[in-house]
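Take a look at the structure below.
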Amino acid sequence: MEQLGDLELLMEKSFRENVEPPAEQKVEASFSKTVLSRGVDNRYLVLAVNVVQNEEGNCEKHLIITASQLLDYKELCILRNNWCSVPVEPGDIIHLEGDCISHTWIIDEDFGYLILYPDMLISGTSIASSIRCMRRAILSETFRNSDPATRQMLIGTILHEVFQKAMSDSFDPEKLQELAFQTVQEIRHLKEMYRLNLNPDEVKQEVEEYLPSFSKWSGDFMNKCTSTDFPQMQLLLPSDGSNNNATCNIEVVKSLDIEESVWSPRFGLKGKIDVTVGVKIHRGCTTKYKIMPLELKTGKESNSIEHRSQLVLYTLLSQERRADPEAGLLLYLRTGQMYPVPAKHLDKRELLRLRNQMAFSLFHRINKSATGKEKTNLAPLPQIIDEQQTCKYCSQVGNCAVYSRAVEQQMDDNSVPVGMLPKIKEETQHLKHTHLEYFSLWCLMLTLESQSKDNKKNHQNIWLMPSSEMEQSGSCIGNLIRREHVKTVCDGQYLHNFQRKNGAIPITNLMAGDRIILSGEERTLFALSRGYVKEINMTTVTCLLDRNLSVLPESTLFRVDQEEKNCGIDTPLGNLSKLMKNTNTSQKLRDLIIDFREPQFISYLSSVLPHDAKDTVACILKGLNKPQRQAMKKVLLSKDYTLIVGMPGTGKTTTICTLVPAPEQVEKGGVSNITEAKLIVFLTSIFIKAGCNPLDIGIIAPYRQQLKIINDLLAHSSVGMVEVNTVDKYQGRDKSIILVSFVRSNKDGTPGELLKDWRRLNVAITRAKHKLILLGCVPSLYCYPPLEKLLYHLNSEKLISFLLLIFHQENMKVFVTYWVIFKEDKTLFLAFFHTSAVISIFYYL
DNA sequence: GCTCTGCTAAGAGGA
């Protein structure tokens, strides 16, 4: 009792000490628009932080907090034990888990959590990776594209997909073979194989080696007669208490979701759960049913702390949607071995502590001058660890060393472990002082830009503000009910129709094409899916979503929130990191960009232009004025870069153009032309963006392989629902817009039979009611007599447009933009040529 | 203060 009295006295004291100083009134929330609240989603503003010693001489942190906007109602939060190290400061926003008794929260070793900046959601994998090196975790969040994709990652991705498909289909060996084959053949995976110089057959073979383990796993854990037939495991749930027998039989009943994406503003976490499974835990004569996260791993069966931590974090994420799973399952697909991972309080506490440290580092990227007199500069990152082994294979080692030398070693209180100095030197020895300065400057500038007010995502409004309030800002529509069937456009794209439960849709800024986040009005259905607005009118919002919501009850109320545009500094930061690499290309770019080496030019055009391109180039130059022609010539002679400077409207963009060749590919499946296919998809998307109904657009190609490629591309774009067919299928029908891809493009003029058929061509070009776009390689198509006639006619009518592909380089990344001139006339022929001239341009502001 | 532009994203495995 006496102790308690002392404690109360202590509390009173700290209250008095901290409530009274006038300085406290100046405290402002670091997240300007944060909604302070109490209850499950509580958000407290920290007014004061006091470190005190308790009776036993242990350290405690006492926070004076408030959930009232007027700062008039204050509470106390006492942090004990390890929680004392949370880097919380006055002005911070925190979330508290636990009990609040007589205006006092006590967070200690065994009970309660503090979440620092809960609206900053950090991914499960990031936190897991911070266990070994916090600095690396922060660097990976910053320099996002520094991790090069590898063969193992591709195999891992493919295997995940095969397993997930099998989970909702079947683990029958023949079916698995089929699923594996399908998945390996998917365009995005083939692209990655091409990039990694891998053969699809060898990838398929490696994937197949895992399949027997898949079958073994499903045989072990699913569909048995009696509970004791399921594998025996050691698992105690926190709710089981300590004096229970840990041995149990685990049965996987069913899969409830795949790639479930969860944002948790309660724990400040986000992540994607590989598989969400219904599990029965049979222990003695009792059975517990739990819905748990199942995490798949294709690599070494390490059962490592990182892997297990990922599952512990996923049990926290799961609580956003349903009851606490208390445990997760970790499955190694190479062997089919599965480990249960209980989510103990100790593990959750330590992981959230790491999360708070990470949130602190991510939030405090800049040292702002307190008085306005000192220079604003970058804050140091978490300490470099002193473990050569860990750093040996770290993909962030380059960024780590450059940041240390360019930013941290310029500071007074910089401390690098002595053992790591040689490594840092080695990693940065190719860089001059000017390069380090450039890195430091741009890192600072980009970080400042990302922190500027209009670039901050205010996602927290979605979880903290009711839709009725958000609707007033025009970026939200609430009280929506799903109408009609969900149309599956393709895997991962589902068309949903929503209507307001009562009456018309309120006035809104939401427009077709906007990115949105779809949530249920209920808290547990928050951020269910993301996608685009496809169409919006007075009564209906049509959305293309990444999940099919028809599994939810029909009466579910939804809200649609506009996803705020995010200023991506990821690309420029990634480029900055690449610019510092020890490669010849980066060396050259540093020379030109940082050290301002003058660009070099060659003397004669004849040495760069292929002979047969002469006429083509002359033809283009005809359309340009004198300064444009001079600029064009300079560009063609450029070895490095050419700057074109001009007032707006003087025709810089017109000058920056080049012709791409688009060669055909002849394979077993038939003839195709990937460039044309991409362009068709691009043009289709332009028409849809311009307001055309996808159903009014038809795509025609004479070759099946081409149709397949176009279909695949459409399926992976936001377009979808556009009819793609051979000429014959359009016989007797018409569409508002028809796009034709002629496919053939080869120098030797091998004629294919298909295009010689005059009747087919006639059908193809007479299907369009309003706009006909023909796309093809002019010199190749001249080989076909019917097309020759057509081209001759189009040419005389000036209906042929040369297709311009614009390469432009911004933030050191090359973008390719198709530039198409739309004319008033109904018919337009977009033409390619065999030859190309590549132009590289840097835009400088 | 308005409007335009840039925009998937968490994790795929390694030791």
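Proteins get letters first, then strands, A, B, ... in listed order; numbering begins at 1 in each. None of the values given here were measured: they were computed from a predicted structure.
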For [X], does the [atom1] atom sit with more than 12 other heavy atoms under 6.0 Å from it, leaving out its own atoms?
{"X": "A:Q182", "atom1": "CD", "value": "yes"}
{"X": "A:N197", "atom1": "CG", "value": "no"}
{"X": "A:E301", "atom1": "CD", "value": "yes"}

Shortest non-hydrogen contact from A:T142 toward A:D570 =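 Closest approach of A:T142 to A:D570, heavy atoms only: O-OD1, 4.4 Å.
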So, is [X] close to the [N] phosphate, meaning a side-chain N or O under 4.0 Å from OP1 or OP2?
{"X": "A:Y314", "N": "B:dG11", "result": "yes"}
{"X": "A:K272", "N": "B:dG11", "result": "no"}
{"X": "A:T125", "N": "B:dG11", "result": "yes"}

Classify [X] by what it touches in the nucleic acid, base, sugar-phosphate, or nothing, heavy-atom distance under 4.0 Å.
{"X": "A:D274", "answer": "sugar-phosphate"}
{"X": "A:R334", "answer": "sugar-phosphate"}
{"X": "A:K392", "answer": "nothing"}
{"X": "A:S302", "answer": "nothing"}
{"X": "A:E295", "answer": "sugar-phosphate"}

Report yes if the distance between the aromatic ring centroids of A:H307 and A:Y332 is under 6.0 Å, otherwise no.
->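 Yes; A:Y332 has its ring centre under 6.0 Å from that of A:H307.
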Side-chain H-bond candidate by donor/acceptor type, A:T276 with A:E260, under 3.5 Å =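 Their side chains do contain a donor-acceptor pair, which is all the 3.5 Å distance test asks for.
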Table of protein N/O atoms under 3.5 Å from nucleotides 2-4 of chain B N/O atoms:
none

Identified side chain to side chain contact (heavy atoms under 4.5 Å, CB included) counterpart of A:R547 within the set A:I258, A:D257, A:V486 =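 It is A:D257, the one option of A:I258, A:D257, A:V486 that forms the side chain to side chain contact (heavy atoms under 4.5 Å, CB included) with A:R547.
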Output the single nucleotide from B:dT8, B:dG13, B:dA10 whose closest atom is nearest the side chain of A:S123.
->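 My answer, after comparing the listed nucleotides, is B:dA10.
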Quick one: A:Q310 CD to B:dG11 P, roughly how many Å, whole number?
->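 My rounded result for the distance is 6 Å.
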Nearest-Å distance for atom pair CD1/P, residues A:I517 and B:dT8 =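 It is 15 Å, rounded to the nearest whole Å.
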State, with a plain yes or no, whether a side-chain heavy atom of A:V275 is found less than 4.5 Å away from one of A:L331.
->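 No. Closest side-chain heavy atoms not under 4.5 Å.
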Output, in order, the C-alpha distance, side-chain angles, deciding distance and verdict of ring pair (Phe, Tyr, Trp, His ring centres under 6.0 Å) for A:F163 and A:F171.
-> CA-CA 8 Å; A:F163 185 93; A:F171 281 93; 5.3 Å; yes
Quick one: the dot-bracket string of DNA chain B, using Watson-Crick and G-U wobble pairs with both distances under 3.5 Å, [ ] for crossing pairs and | for bases paired to another strand.
-> ...............
